[in-house]
Amino acid sequence: MSYLLGVDVGTSVVKAALFDRDLNEIAVTSRKTTILTPHPGWTETSMSATWERVTEATRSLLADHTIIAADIAAVGVTGNMVGAWLVDGDGRPLRDAILHIDNRTPLLIEQWTQEHDDFAGTVFRFSGSAMQPGCTLPVIRWLADHEPDTLDKARYVLCAKDWIIANLTGTYQIDPSEASVMPGDTRTRSYADPLFDLMGVREQQALFPPVVPSEQIVGSVTQQAAEQTGLRAGTPVVAGAGDVLATGIGVGAVQHGTAYAILGTAGINGVVTESPIFEPEGIGLMFCQPGGRWVRVMVNTLGTPNMDWCIRQFFRDLHGMPDQFKHLEQLATQSGAGANGVIYLPYLSPTGVFAPFVEPAARAQFYGLSQDHTRDDMLRAVYEGIAFSIRHCYDAMPVAVNEIRLTGGGANSAFWCQLIADVTGKRVIVPSGSEFGARGSAILAGIGIGWFDSVEAGQRQLAITRTHEPQRQPAYEQAYRTYVDLVAALRAMWRPA
């Protein structure tokens, strides 16, 4: 047995990746899933179709790379977190899954805030996380109010990875990374009974499955699942961890003070800690990391989509051009550090921003434009604005950071990585590989079967593609101070009294 299989159930793409004993990425296969929006603000996906995409990806991975199923020693699964994936007593889906980016519960959260003294503070003191609309507890309460028949038929509420594991093994459980942000109790790494009472879902608590360690073997591939996936019946499967945690493990961010950023659809900025960190109060998220540590996370709601928007609006002439992003980088260098005084706030999301401050009404803008500025200045300002948002998030966390391990689509740009190093003043390390969530889940699978002794194995065996040392740029420092001052001034305008 030579390989570990990592499966990553993303919001819009399912990936299956194979790793050898040295955790080298051997092969990857992906399949797109479909996001459903049955009503404005609702975000769902078909549970059955998601499982089908996983089976297609695993079969294709084995066939296309002539891998013998018997050579796969164990399976780890990760996926997009929380939401609600409901099954009945026979393990069948009861409805389409409600995803973590769903936005049907804000009125409910507002109602709780008005009815209970310090509602948000109570949630944060247990979980270390700000209340998010797509978390499991508020979603279950919404279902209790609007679809009680669905809950009456339900046996378990799962998360994305747990639904896939249920199909692979016939077992039902979740891990501490999911339980703690449902929201739960980050100190005990499990559920928080008082929060079930606070949100009026005590009656539904029986739907929540046991919490088990991420590296624990929870079952093996059944004969039915083997026929569907091409895997060998009896292959061990571990409980896994949510995608944010699995990615951290995959990039080797497993020791106190190690930071990692995922520059993708969202801008996720995390740092590993030896104990739960509840500062700044009421801001950001706290995840339980396998291995007995925690990850404090600040999320800028949108990351690379800011760049996509800029390209659509101002650089349509480059669409479809070979090396499009290389051309964009060349144009951005025409402007120079500080973008000739143009500042961009990367708050394009209609839900505003949730770190390093909470403001649903926050919106993006360019500042400092004159008739002398060009689209190159605006492009450069977008690159810099996203880098400023990363620094803004890390500046808010009370943990010293010396280097940032960067992944996601933005990490493919050496120009952008160097800019981020210069803006933050931190060394930026770009690990080798592409599927770090799958790599993290494969490491957990390797621990489960005894190949590795801890999550540190991934750090020891991680190859590095590039390292970017920070170079002092006074223009960035001045621009960043203006960026921070703009945010402070505009908060009063975004939400007038």
Side-chain angles (χ1 to χ4, degrees), residues 257-261 263 267-271 279-280 283-284 296 298-300 302-304 306-307 310 328-348 353 355-357 359 362 364-370 372-406 410-411 413-430 466-491:
T258 307
Y260 66 102
L263 184 48
I268 297 173
N269 309 287
V271 60
E279 298 175 3
I283 305 295
R296 188 77 165 99
M298 299 285 172
V299 181
N300 184 22
L302 285 183
T304 54
N306 286 278
M307 186 61 65
C310 180
L328 288 165
E329 292 171 4
Q330 291 172 349
L331 292 173
T333 60
Q334 301 302 311
S335 175
N340 289 322
V342 180
I343 307 291
Y344 176 70
L345 303 186
Y347 305 145
L348 275 181
V353 63
F357 59 95
E359 184 45 78
Q365 74 162 191
F366 286 99
Y367 167 84
L369 285 172
S370 75
D372 297 325
H373 286 110
T374 68
R375 68 174 187 168
D376 296 349
D377 295 318
M378 299 174 74
L379 173 64
R380 178 82 182 213
V382 173
Y383 276 112
E384 293 181 0
I386 297 171
F388 293 154
S389 74
I390 293 173
R391 176 173 172 180
H392 204 194
C393 286
Y394 280 113
D395 282 355
M397 290 191 272
V399 180
V401 170
N402 294 320
E403 64 182 32
I404 300 171
R405 296 173 182 236
L406 188 66
S413 169
F415 165 78
W416 208 352
C417 291
Q418 184 61 52
L419 192 155
I420 292 168
D422 295 342
V423 164
T424 61
K426 314 296 182 186
R427 180 188 301 112
V428 169
I429 294 175
V430 180
R466 297 190 311 275
T467 298
H468 299 266
E469 296 291 345
Q471 301 172 7
R472 187 173 182 274
Q473 299 277 2
Y476 286 145
E477 192 65 28
Q478 180 179 350
Y480 176 67
R481 294 303 167 195
T482 302
Y483 173 96
V484 172
D485 290 344
L486 274 172
V487 170
L490 286 168
R491 291 183 69 177

Item to check | Tyr367, OH atom: more than 12 neighbouring heavy atoms under 6.0 Å | outcome: no
Checklist entry - Does the side chain of Leu328 reach to within under 4.5 Å of the side chain of Phe415, using non-hydrogen atoms? => result no
Show the atom names and distances, to 0.1 Å, of all donor-acceptor pairs under 3.5 Å that link a side chain in residues 416-424 to residues at least two apart or in another chain.
from, atom 1, to, atom 2, distance (Å)
Trp416, NE1, Tyr383, O, 3.1
Gln418, OE1, His468, ND1, 3.3
Gln418, NE2, Asp422, OD1, 2.9
Gln418, NE2, Glu469, O, 2.9
Asp422, OD1, Gln471, N, 2.8
Thr424, OG1, Ile420, O, 2.8
Thr424, OG1, Lys426, N, 3.2

Checklist entry - Counting N and O atoms only, with roles assigned by atom type, does the side chain of Arg466 sit under 3.5 Å from a partner on the main chain of Val428, one being a donor and the other an acceptor? => result no
Next on the checklist: So Arg380 and Asp376, do their side chains get closer than 4.5 Å, heavy atoms only?
Outcome noted: no
Next on the checklist: For the CD1 atom of Ile390 and the CG atom of Leu406, what is their distance to the nearest 0.5 Å?
Outcome noted: 6.5 Å
Checklist entry - Step by step, would you call Tyr347 with Leu490 a side-chain contact (heavy atoms from CB on, under 4.5 Å)? => result CA-CA 12 Å; Tyr347 305 145; Leu490 286 168; over 6 Å; no
Checklist entry - Out of curiosity, Leu345 CG to Phe366 CZ, how far, rounded to the nearest 0.5 Å? => result 10.0 Å
Checklist outcome for this item: For residues 331-344, the side chain to side chain donor-acceptor pair (under 3.5 Å) pairs (sequence neighbours left out) are Asn306-Tyr344, Ser335-Asp377, Asn340-Asp377
Item to check | Stepwise side-chain contact (heavy atoms from CB on, under 4.5 Å) test for Glu359 and Val487 | outcome: CA-CA 11 Å; Glu359 184 45 78; Val487 170; over 6 Å; no
Checklist entry - Do you know which two heavy atoms are closest between Met397 and Asn269, and how far apart they sit? => result CE-O, 3.8 Å
Next on the checklist: Which heavy atom of Glu384 sits nearest to which heavy atom of Gly338, and what is that distance?
Outcome noted: OE2-N, 2.9 Å
Checklist entry - Any side-chain heavy atom of Leu379 sitting closer than 4.5 Å to one from Cys310? => result yes
Item to check | Side-chain touch His392/Phe388, heavy atoms, less than 4.5 angstrom | outcome: no
Item to check | Reported CG-to-CZ distance for the pair Leu486 and Arg481, which is rounded to 0.5 angstrom | outcome: 13.5 Å
Item to check | Side-chain (Tyr394) to main-chain (Gly270) donor-acceptor, under 3.5 angstrom | outcome: yes
Checklist outcome for this item: What one should report as the nearest heavy-atom pair of Pro280 and Arg296 is O-NH2, 3.0 Å
Checklist entry - Do Pro356 and Arg391 have side chains that get closer than 4.5 Å, going by heavy atoms? => result no
Item to check | Non-hydrogen side-chain atoms of Ser389 and Ile386 separated by less than 4.5 Å | outcome: yes
